[in-house]
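Written out below as structure tokens is the structure these notes cover.
These numbers come from the heavy atoms of this one structure, side chains and all, not from hydrogens, waters or symmetry mates. In what follows, chains carry the letters A, B, and so on, assigned in the order in which the sequence lines appear, proteins first and then strands, with residues in each chain numbered from 1.
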2 protein chains.
Amino acid sequence: MQSFTEENYLKAIYTLSTAENQSVSTNAIAEKLTTKASSVTDMLKKLADKKLIHYEKYQGAELTRKGKKIAINIIRKHRLWEVFLVNHLNFKWDEVHDVAEELEHINSEKLIDSLDRFLNFPQFDPHGDPIPDKEGKVYHHKEISVKDLRVGESGIIVGVKEHHPDFLRYLENAELLLGTNIKVLKIFEWDNSIKIKCDKKQELTISEKVAGNLYIKKMLKK
Amino acid sequence: MQSFTEENYLKAIYTLSTAENQSVSTNAIAEKLTTKASSVTDMLKKLADKKLIHYEKYQGAELTRKGKKIAINIIRKHRLWEVFLVNHLNFKWDEVHDVAEELEHINSEKLIDSLDRFLNFPQFDPHGDPIPDKEGKVYHHKEISVKDLRVGESGIIVGVKEHHPDFLRYLENAELLLGTNIKVLKIFEWDNSIKIKCDKKQELTISEKVAGNLYIKKMLKK
DNA sequence: AAAACAATTTAGATAAGCCTAAAAATATAT
DNA sequence: ATATATTTTTAGGCTTATCTAAATTGTTTT
């Protein structure tokens, strides 16, 4: 069994290692966990001793199979708790992160399996991120954003890249929530802002930054 | 804010201090937390510095108002989580303790208030222990046990003194659950075992030890 | 009231996780 | 290829919470 801190390191390494077989740098981990590089080095040695990461001095870290399994399980727990908080305890999607960050470290397989069943085996959390199943299988989004659409194309919002509360509250205010159907009407070359139509209702213009952080599922034209 | 460890010390002191204004000994705390007396002394100094307990060398510890408030809140959280686990996640009453012991340290007022509402403001946990309200008010059981009944008297089981899983499973097996109506038929002087009738159904004999650990609400005779 | 026993505290260590400052290795630029 | 800059590691400390062993205080017994 590992400590909260170790679990947080494993999770950080997992989320930072986008590509397979690519090691994560000491500094990147330090920044992610807002700690110092020297502290990270200490922990990397410890995790390597426990066979949770592959680590060579100056070469960064990569999760072993065992380490990856633990990291994915933490993420599974985090996202299941988020679903519980939003669907049953009336939390808003911009309020769940910190509490879920604590709850994800509770250790009980029975608890998580029961929670999963109670929630009806959800596949996505409130931000559209996939929830790994009990075996650790993760369905990865294709990660197409509104930015990737051309004029006339449409899609359904399925997730957000950025999780910052301010961004989430902006979306809430603009009624750009998961499930919303949008169509690109116009792209302004000047700043790459995009005029869209939502669910046959209102039209609005979103910035390039917003567009890049809104994942969508492309709709085929009829 | 205090650490998990500090919270556990406060909780231990609270549960050990039965009488008001009576201090708890270092050894008692050490035994409760399965740690050494010297470790307890260290922590008592720390808690005293933080004004969470009154502590004089060699005189034991007593919670301050502030310390008591924290302890009661931990107990509130523990018991609310137990209700959630039993009522919604299919845990048995003998399975909840360890998980609740972890969950009780999650820090979020919104979480606990929402959970309380979700559970419909329960007043007792699955073992019949009272759940303190948001302001810290605790309804104390009168703590009459089956042992205090005389032949012919009856009552409803409202709680258990002993929480050991083995005892809880014994009760489950004997169908002596909370809410069960029992009537004392006979007391065997030999070993003080008691023959009882449950809910107009089966008769059974329980040991003195069992009787002493079963809290009841006495029924007035009609 | 002194001796014996029990409870508590102090002293000195240890492990985890963090820090700063300095040294070493790696990467980049000229 | 050498100098410079960046990244990473090492060395040495700090804090929290624990421990063992020894010293001290409190309580009981005779």
Figure out the [atom1]/[atom2] separation between [X] and [N], and round it to whole Å.
X	N	atom1	atom2	result
B/Met43	D/dC19	CE	C1'	14 Å
B/Leu47	D/dT16	CG	P	12 Å
B/Lys36	C/dA6	NZ	P	17 Å
A/Asp49	C/dA16	CG	C1'	14 Å
B/Glu6	D/dT18	CD	P	10 Å

With sugar-phosphate meaning primed atoms plus P, OP1 and OP2, does A/Phe4 contact a base, only sugar-phosphate, or nothing at under 4.0 Å between heavy atoms?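 Answer is nothing: A/Phe4 stays at 4.0 Å or more from every strand.
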N-O pairing of [X] and [Y] below 4.0 Å:
X	Y	result
B/Lys161	B/Glu143	no
B/Arg76	B/Glu104	no
A/Lys209	A/Glu162	no
A/Arg169	A/Asp166	yes

Return the orientation label for the B/Phe167 and B/Tyr170 ring planes: parallel under 30°, perpendicular over 60°, tilted otherwise. parallel
Pi-cation contact, B/Tyr14 with B/Lys68 (under 6.0 Å, within 45°):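 Because its charged atom misses either the 6.0 Å distance or the 45° angle limit, B/Lys68 does not stack over B/Tyr14.
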Distances for protein N/O vs nucleotides 8-12 of chain C N/O pairs under 3.5 angstrom?
residue : atom : partner : partner atom : Å
C/dT8   : OP2  : B/Asn27 : N            : 2.9
C/dT8   : OP2  : B/Asn27 : ND2          : 3.4
C/dT9   : OP1  : B/Tyr55 : OH           : 2.3
C/dT9   : OP1  : B/Tyr58 : N            : 2.8
C/dT9   : OP2  : B/Thr26 : OG1          : 3.0
C/dT9   : OP2  : B/Thr41 : OG1          : 2.8
C/dT9   : OP2  : B/Tyr55 : OH           : 3.4
C/dT10  : OP1  : B/Lys57 : NZ           : 2.6
C/dT10  : OP2  : B/Lys45 : NZ           : 2.5

Just to confirm, is there a sub-4.0 Å distance from OP1 or OP2 of C/dA16 to any side-chain nitrogen or oxygen of A/Thr5? no
